[in-house]
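Data block below; observations after.
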Amino acid sequence: MDSIIVCSRSAAALNLKYLLEPPVYAEVTGRRGQNITLPCVLRAKPSQYRVKWSKLEPERVGPENVILVSNEKGCKPYGPLGRRASLRRAHMMDASLQLSHLQLQDDGMYRCQLVHGIEDESVVVSLWVEGVVFPYQSENGRYSFTFHEAKESCAQQDSTLASFSQLYRAWTEGLDWCNAGWLRDGTVHYPIIQPRPACGVGLLSGIRSYGAKDKKQDRFDAFCFTSQTAGYVFYVSGSFSFRQAADTCERQGARLALVGQLYAAWRFQKYDQCDGGWLSDGSVRFPISAPRERCGGIAEAGVRSFGFPDKSASLYGAYCYRQ
C-alpha cells in the first residue's frame, strides 16, 4: 500500500543549496507491516558528498541513532533499523529512505543529511505509524507499574509505550482518561476532554502532565500504542472460565487475543461485539464501534472493560486471535 505524504512549508524559506526544500516537515503515514518511503531529493550534486539518514530520538542520551550512510559508490547500514533500510534511488538525484516491514517503534522524526566536506545541510521528515493509544492497568489495580513494568506490560499486549505525540493525537481524536500513565520518554501524563472534579479541579481540558518521574520508584498506569495486525480477532459465545476460554480458542486453531489485538481490530476493522469476553491477560472486555443503549449506554465508541474478574467464574465468552 502506498504511503500518504503531506508537505507544508516553514514560515521562513530554508537556505538549502543541494537538497530540495518541500520534504521539510513532511509527514509520512503508514501502518505496521507496510513498506514506506521517507522523501529526500537532491537539487544539485556537489563533487564529493555522502548522505546520512538518522532517527531523531528526543529522549535518547548518547550517540546519534544513524540508520545508514551512503555515497555514490555504496551504502552502509547501521543498527536494527539499518537492516530494514535502503535508499530508493528512483533516479540519480534520489536519496529517499525506504523502510520495510514498519514496526511500532519506527514512529518519530528522521533526518536526511547531506555532508559535503565540512559543510552539511539537512531536511527532517516525520513518520507516523497509524494506530491507537489505549490506557492499561495492572490486574493488581490502579497505579501499579514502574516505568519498566509499564514498558514490559505494553509489549506483552502487542503494543509499545506511547509517545507524547501519539497521546496528543489520541486526545484530539477523543481519548479522555482520568488516570495518569507512563509514556515512552519516562514522563507521566493523562488526557482530559471533559474537565470534572475527579480529574483536577478548575483545570481546562488538555494533556495534564506530572513531568518526568523516577522510573524505578514511582508507579502509575501505562498508555500503550498499537497498530494493525496480520491476523484477526473473533468472538466465541459461551459462559467460560478463563481456562475454558483459552482451551476454546486453542481448539479453533487460535489463542486468546491480546488487549492490543482487540484494540487494533476495533480501530482498523471497526470490530463491534456487544458481549464481554476473556482476553489473554485475564481481563474481560468488548469492542463497540456503533454505540447503543444496550451496550453500556455510553455515547462514544471504544473498548469497554469489566476489569479482571475471578478467573474461575464461568460467565463470559472468549475473544480469540488467529494469525
Side-chain angles (χ1 to χ4, degrees), residues 1 4 29-34 101-107 128-137 139 153-162 166-167 169-171 173-177 181 221-238 240 242 244-292 294-296 298-309 315-323:
M1 184 181 295
I4 301 170
T29 300
R31 295 179 182 178
R32 178 166 53 179
Q34 290 182 342
H101 306 295
L102 202 61
Q103 299 179 6
L104 296 176
Q105 61 268 29
D106 294 344
D107 188 278
W128 176 48
V129 178
E130 186 179 355
V132 57
V133 172
F134 61 93
Y136 190 72
Q137 292 182 340
E139 62 180 334
S153 294
C154 288
Q156 290 173 354
Q157 299 307 316
D158 191 42
S159 60
T160 184
L161 274 176
Q166 288 167 342
L167 182 66
R169 190 183 293 264
W171 171 70
E173 294 173 348
L175 182 60
D176 183 292
W177 194 255
D221 294 340
F223 285 105
C224 303
F225 173 82
T226 194
S227 185
Q228 73 172 2
T229 63
Y232 64 96
V233 174
F234 61 95
Y235 177 76
V236 179
S237 179
F240 307 127
F242 175 74
Q244 290 170 336
D247 291 342
T248 296
C249 290
E250 289 178 8
R251 286 195 294 270
Q252 302 209 27
R255 61 180 185 271
L256 278 175
L258 304 176
V259 177
Q261 291 167 343
L262 184 64
Y263 268 92
W266 166 73
R267 176 63 178 264
F268 294 107
Q269 280 78 52
K270 306 300 181 186
Y271 192 30
D272 187 287
Q273 181 73 45
C274 191
D275 298 279
W278 292 103
L279 296 177
S280 65
D281 66 340
S283 66
V284 172
R285 305 172 194 255
F286 63 95
I288 293 298
S289 294
R292 48 214 186 263
R294 68 181 185 88
C295 294
I298 300 175
E300 293 81 20
V303 175
R304 311 283 186 251
S305 175
F306 292 160
F308 294 85
L315 297 173
Y316 306 102
Y319 285 102
C320 306
Y321 176 81
R322 183 181 291 138
Q323 190 76 29

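Heavy atoms only: backbone and side chains are in, while hydrogens, waters and symmetry mates are out. If you're wondering where the values come from, they're calculated on a predicted model, not measured in any experiment.
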Original post:
Where is the tightest heavy-atom contact between Ala290 and Asp272, given as atom of each residue plus distance?
Top reply: N-OD2, 2.7 Å

Original post:
For the residue pair Trp266 and Pro287, what are the closest heavy atoms and their distance?
Top reply: CB-CB, 4.0 Å

**OP:** Show the numbers, then the answer: is there a ring-ring contact (aromatic ring centres under 6.0 Å, His included) between Tyr319 and Phe286?
**Re:** CA-CA 9 Å; Tyr319 285 102; Phe286 63 95; 8.3 Å; no

**OP:** Could you tell me which non-hydrogen atom of Gly30 sits nearest to which non-hydrogen atom of Leu102, and how far apart they are?
**Re:** C-CD2, 3.7 Å

Subject >> Atom pair CZ (Arg285) and CH2 (Trp278), whose distance is rounded to the nearest 0.5 Å >> reply: 12.0 Å

Original post:
With a 4.5 Å heavy-atom cut-off, do Pro135 and Phe223 have their side chains touching?
Top reply: yes

Original post:
Gln157 and Ser280: side-chain contact (heavy atoms from CB on, under 4.5 Å), yes or no, with the steps?
Top reply: CA-CA 9 Å; Gln157 299 307 316; Ser280 65; 4.0 Å; yes

Original post:
Do you know the tightest heavy-atom contact between Cys295 and Arg304?
Top reply: O-NE, 4.2 Å

Original post:
Can you name the nearest heavy-atom pair linking Phe268 to Gln228, along with the distance?
Top reply: CE1-N, 3.2 Å

Subject >> Point-to-point distance, once rounded to the nearest 0.5 Å, from CD of Gln166 to CG of Leu104 >> reply: 8.0 Å

**OP:** Nearest 0.5 Å please: distance from the OG1 atom of Thr160 over to the CG atom of Asp106.
**Re:** 10.5 Å

Original post:
Roughly how far apart are Glu300 CD and Ile288 CD1, rounded to 0.5 Å?
Top reply: 13.0 Å

**OP:** Given side-chain contact (heavy atoms from CB on, under 4.5 Å), test Ser159 with Phe225 step by step and report yes or no.
**Re:** CA-CA 5 Å; Ser159 60; Phe225 173 82; 5.6 Å; no

Original post:
Side-chain contact, heavy-atom cut-off 4.5 Å: Trp128 with Glu130?
Top reply: yes

Subject >> OG1-CZ distance between Thr226 and Arg32, expressed to the nearest 0.5 angstrom >> reply: 4.0 Å

Original post:
Taking the side chain as C-beta and beyond, is there a heavy-atom pair between Gln269 and Ser289 under 4.5 Å?
Top reply: no

Original post:
At what distance, to the nearest 0.5 angstrom, does CD of Glu250 lie from CG of Leu256?
Top reply: 8.0 Å

Original post:
Hey, are the side chains of Asp281 and Leu258 touching, using non-hydrogen atoms and a 4.5 Å cut-off?
Top reply: no

Original post:
How far apart are the closest heavy atoms of Gln252 and Phe234, and which atoms are they?
Top reply: OE1-CE1, 3.7 Å

Subject >> Whether Tyr136 and Phe134 hold their rings parallel, tilted or perpendicular, with breakpoints at 30° and 60° >> reply: perpendicular

Original post:
Looking at side-chain heavy atoms only, is the closest gap between Cys320 and Val236 below 4.5 Å?
Top reply: yes

**OP:** Flag the pair Gln261 / Arg255 as yes when at least one side-chain heavy-atom distance between them is below 4.5 Å, and no otherwise.
**Re:** yes

**OP:** Would you please say whether a donor-acceptor pair under 3.5 Å links the side chains of Tyr321 and Asp158?
**Re:** no

Original post:
Tell me, do Ser305 and Gln137 make a side-chain contact under 4.5 Å, heavy atoms counted?
Top reply: no

Original post:
Tyr263 versus Val259: any side-chain heavy-atom pair under 4.5 Å?
Top reply: yes

